[in-house]
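Some notes on the structure that comes next.
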Protein chains: 4
Amino acid sequence: MTYADRMTEAAPSAPSPRRRDRAATRAALLEAARLRFSRQGFDGTGVREIAADAGVDAALVFRYFGSKEKLYAEAVHVEIPQGLTDGPPRPLTRVTDELLYDVVFGDWEKFDGEHPLLVMLRSAHRPAVRDQLRDRLCDGYLRDFAERLGGGDAALRAELIGALLLGMGVMRSVVGSPALTEATFDETRLLVARLVRTLTEPRADGVG
Amino acid sequence: MTYADRMTEAAPSAPSPRRRDRAATRAALLEAARLRFSRQGFDGTGVREIAADAGVDAALVFRYFGSKEKLYAEAVHVEIPQGLTDGPPRPLTRVTDELLYDVVFGDWEKFDGEHPLLVMLRSAHRPAVRDQLRDRLCDGYLRDFAERLGGGDAALRAELIGALLLGMGVMRSVVGSPALTEATFDETRLLVARLVRTLTEPRADGVG
Amino acid sequence: MTYADRMTEAAPSAPSPRRRDRAATRAALLEAARLRFSRQGFDGTGVREIAADAGVDAALVFRYFGSKEKLYAEAVHVEIPQGLTDGPPRPLTRVTDELLYDVVFGDWEKFDGEHPLLVMLRSAHRPAVRDQLRDRLCDGYLRDFAERLGGGDAALRAELIGALLLGMGVMRSVVGSPALTEATFDETRLLVARLVRTLTEPRADGVG
Amino acid sequence: MTYADRMTEAAPSAPSPRRRDRAATRAALLEAARLRFSRQGFDGTGVREIAADAGVDAALVFRYFGSKEKLYAEAVHVEIPQGLTDGPPRPLTRVTDELLYDVVFGDWEKFDGEHPLLVMLRSAHRPAVRDQLRDRLCDGYLRDFAERLGGGDAALRAELIGALLLGMGVMRSVVGSPALTEATFDETRLLVARLVRTLTEPRADGVG
DNA sequence: TATGAATGAGCATTCATTCAT
DNA sequence: TATGAATGAATGCTCATTCAT
């Protein structure tokens, strides 16, 4: 059996055998789903596994969420933090600092340590997940970001910054590259800030 | 056509020749597997599908490769191109130019149009794939790259460049972000070169 | 989903009157069950569907009726109409006329347009339904009918008439055969009357 | 458990543990399916049951037939006997005699004793089965039959004969009505022949 | 009493894999 | 050696029914 690499640890939480509590059961399923999907991706996770983690019957997944796919969509959904262009005015490098922390260095406990965008990336071969990812990334983060930048190729430069941050997240959490994994947030933010400024400040010489 | 034509050709179809020798059958399976895995990822591809594409029985996958997982490993394996620090000496931005073309803009026919690293990323939720990806990326590209860069945090800066390129590939092929998808190679390389120089040139001001 | 032809329209009635007494709820369940079972058969109907039509919880089905099977039995039960040999005396062809109308051409609103016998026939693979059907048909219609006919093989001839009428109902509503579906009641009754007389009138020549 | 009425007898045949014999396995599955479907209808039969009867794994149902529905279609398919208007010329009552025997009195061993039309009737709530039934009945038996009869309402009279025979089959095998169940073929054919003649012979008086 | 949360057996179907030939 | 028949565990999902409240 070559599929033994699937992690089989029990649910870390599953606190009380709460019974007959709709909200709590739903929440327990969502929490279990988040963790499993984060670790194992969509295809690698079974609904029975999730239900067992939550301590309930698998049929409740369908009662409460309709399908595995909808459970996934709801599990990886997070309210997009408004903090890009909204909130108190602050310099762009401050904004990217926050994003860097969130996406790359943040410890998203509920998602097994990774940013939900990276979690979704892991199951992005599914069209539904891909769409969700695109919405969150392009219509969420990047659009606001591009508006903040000026110039004709604002969208492209915004996506480059997005690519950098996303790529760093991939490097750390998916690939596990050594330098980024061991680097501290402070070491990294200086480099990132320099890169962001490079894309932000208008350069008189347009030389590549 | 890729920047450096390092892919060796192979029959694109191999339709009719019924009687095949062992080597040809193996090659046909590998080619079919490469295309299917690239398009559909590991989980989304069945061994019967691959075998049917190759015109042979599915049992041969196990006879020749032992398991689906090992077939995958062999299918996505490509000899790491020597073109980073080897070859004729050329400026670093030229090297990253080549990498940008390969990873982000290149058309890898044998992998259905994408760089094998992106293909692997798509199935990276599997520990085996993840390990393979890490080896290829860290011990392959990034190590050579870091040696080329000087300074104390060379490895980190090398990974940042790697993250940028990998992130751009993800943006284009997985996420499908609009600006990067529509941008031309030439529009993009100027921006990337600027970023690379930012990480390369020693800056007197160490401000982040 | 190849079974999408299952009708999914909501209940046409039972809209608003929230608070109901026991009797009204029971009646609402029965009515909903009758319609659903008539349309979709026993296996094709779920208790949740019925309960939803009636506007109550599915558990009430079990509280009131014990099981889906018992609900079915009660739903398709109708008082056998007395109109065969009872009532004012009238010729036998008149009686079969009435039966023809009832079974084949009648519009049984409460059973979605079909005679309950045909409805039951549709789920007659269930032993319980089959028993109910046999009781209704043999101990109900056919016994009275046979008494009306004279002669040694009265029972057999009665069953032949029953078979004709039942078969016509099957042809129209289950099979959907073209001629019987489009024929009018008046076109048909002449032929049926002739057949009935054939079985009724003593024939001098006993030739088959 | 109110569903205990499902018959659970083992397969009567399952002769040899024939292994690795495509044709024999296919045939064993078909035979088991025919019996189970005949007894229990489409919904009441599981593919595991069928496979167990045939002594093989349930997955083979899908390997050989694609789906449960296709297995059903193939299981209840019989070559329609040409013997209505084809073959040596013979009087119509002789033709109906044959049909009577086939549909009502014949012992179709492979279908658990019933004519396949009656078997299909049992699962006719499924659109696919219904279509198959209609094809077999209307386009098969009845069309040829109507051509044989003359007159303006030939189709209607043909369907009346069909209804009679089908209804008799239902009475015997589904309802289990006593007289028809106990009657001999010879007792019955005389009555049926009289009925057929009634519909065949032109009557000067068109009175119903 | 009536609600609705929970259950668990069951469903058809798919899959990588093995084994007889 | 290579074919393809056979396997069995796992998949997502549905259902009638029960039980706590």
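In what follows, chains are A, B, ... by sequence order, proteins preceding strands, each numbered from 1.
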Starting at atom NZ of A:Lys68, determine the distance to atom P of E:dT13, rounded to an integer number of angstrom.
-> 19 Å
F:dT11 OP1/OP2 closer than 4.0 Å to side-chain N/O of A:Arg48 = no
Contact nearer the 5' end of DNA chain F, comparing A:Phe62 with D:Ala58 = D:Ala58
From CG of C:Leu29 across to P of F:dA16 the rounded distance in Å is 14 Å
Tell me, which stems hold DNA chain E, with a stem being 3 or more Watson-Crick or G-U pairs in a row and both distances under 3.5 Å?
-> E:2-21 with F:2-21
Any side-chain N or O of A:Arg22 less than 4.0 Å from the OP1 or OP2 oxygen of E:dA5?
-> yes
Using whole Å, report how far CG of B:Asp57 lies from C1' of E:dT18.
-> 12 Å
Remember a base hit wins even if backbone is also touched, and classify A:Val47 as base, sugar-phosphate or nothing at under 4.0 Å, heavy atoms.
-> sugar-phosphate
Rounded distance in Å - CD (A:Glu49) to P (F:dT11) | 7 Å
Specify the separation, in whole Å, of atom CD1 of B:Ile50 and atom P of E:dC15.
-> 12 Å
Could you state the CZ-P distance from B:Arg26 to F:dA2, rounded to the nearest angstrom?
-> 12 Å
Do D:Arg20 and F:dA5 have a side chain to base donor-acceptor pair shorter than 3.5 Å?
-> yes
Between C1' of F:dA16 and NZ of C:Lys70, the distance in whole Å = 13 Å
Please check if the side chain of B:Asp57 supplies one atom and the backbone of B:Leu60 the other of a donor-acceptor pair under 3.5 Å.
-> no
Nearest-nucleotide check on DNA chain F, A:Phe42 vs C:Ala59; residue mapping nearer the 5' end is A:Phe42
Applying the salt bridge (charged side-chain N to carboxylate O under 4.0 Å, His left out) test to B:Glu49, which of B:Arg39, B:Arg36, B:Lys68 qualifies?
-> B:Arg36
Under 3.5 Å, side chain of C:Ser123 to main-chain N/O of C:Phe42, donor-acceptor pair present?
-> yes
Ignoring backbone atoms, establish whether B:Ser67 has a side-chain N or O less than 4.0 Å from OP1 or OP2 of E:dA16.
-> no
E:dT1 phosphate, OP1 or OP2: any side-chain N/O from C:Tyr64 under 4.0 angstrom?
-> no
The nucleotide from F:dA5, E:dG8, F:dA2 with an atom nearest the side chain of D:Arg63 is F:dA5
The side-chain hydrogen bond (donor to acceptor under 3.5 Å, both in side chains) partners of A:Arg34 (sequence neighbours excluded) come to none
Charged N-O contact under 4.0 Å between A:Asp43 and A:Arg126 = yes
Applying salt bridge (Lys or Arg N to Asp or Glu O under 4.0 Å) to B:Asp135 and not counting sequence neighbours gives none
Sidechain-backbone polar pair: C:Arg122 side chain, D:Ala124 backbone, donor-acceptor under 3.5 Å = no
B:Asp43 has an atom CG; how far is it from atom P of E:dT14, in whole Å?
-> 17 Å
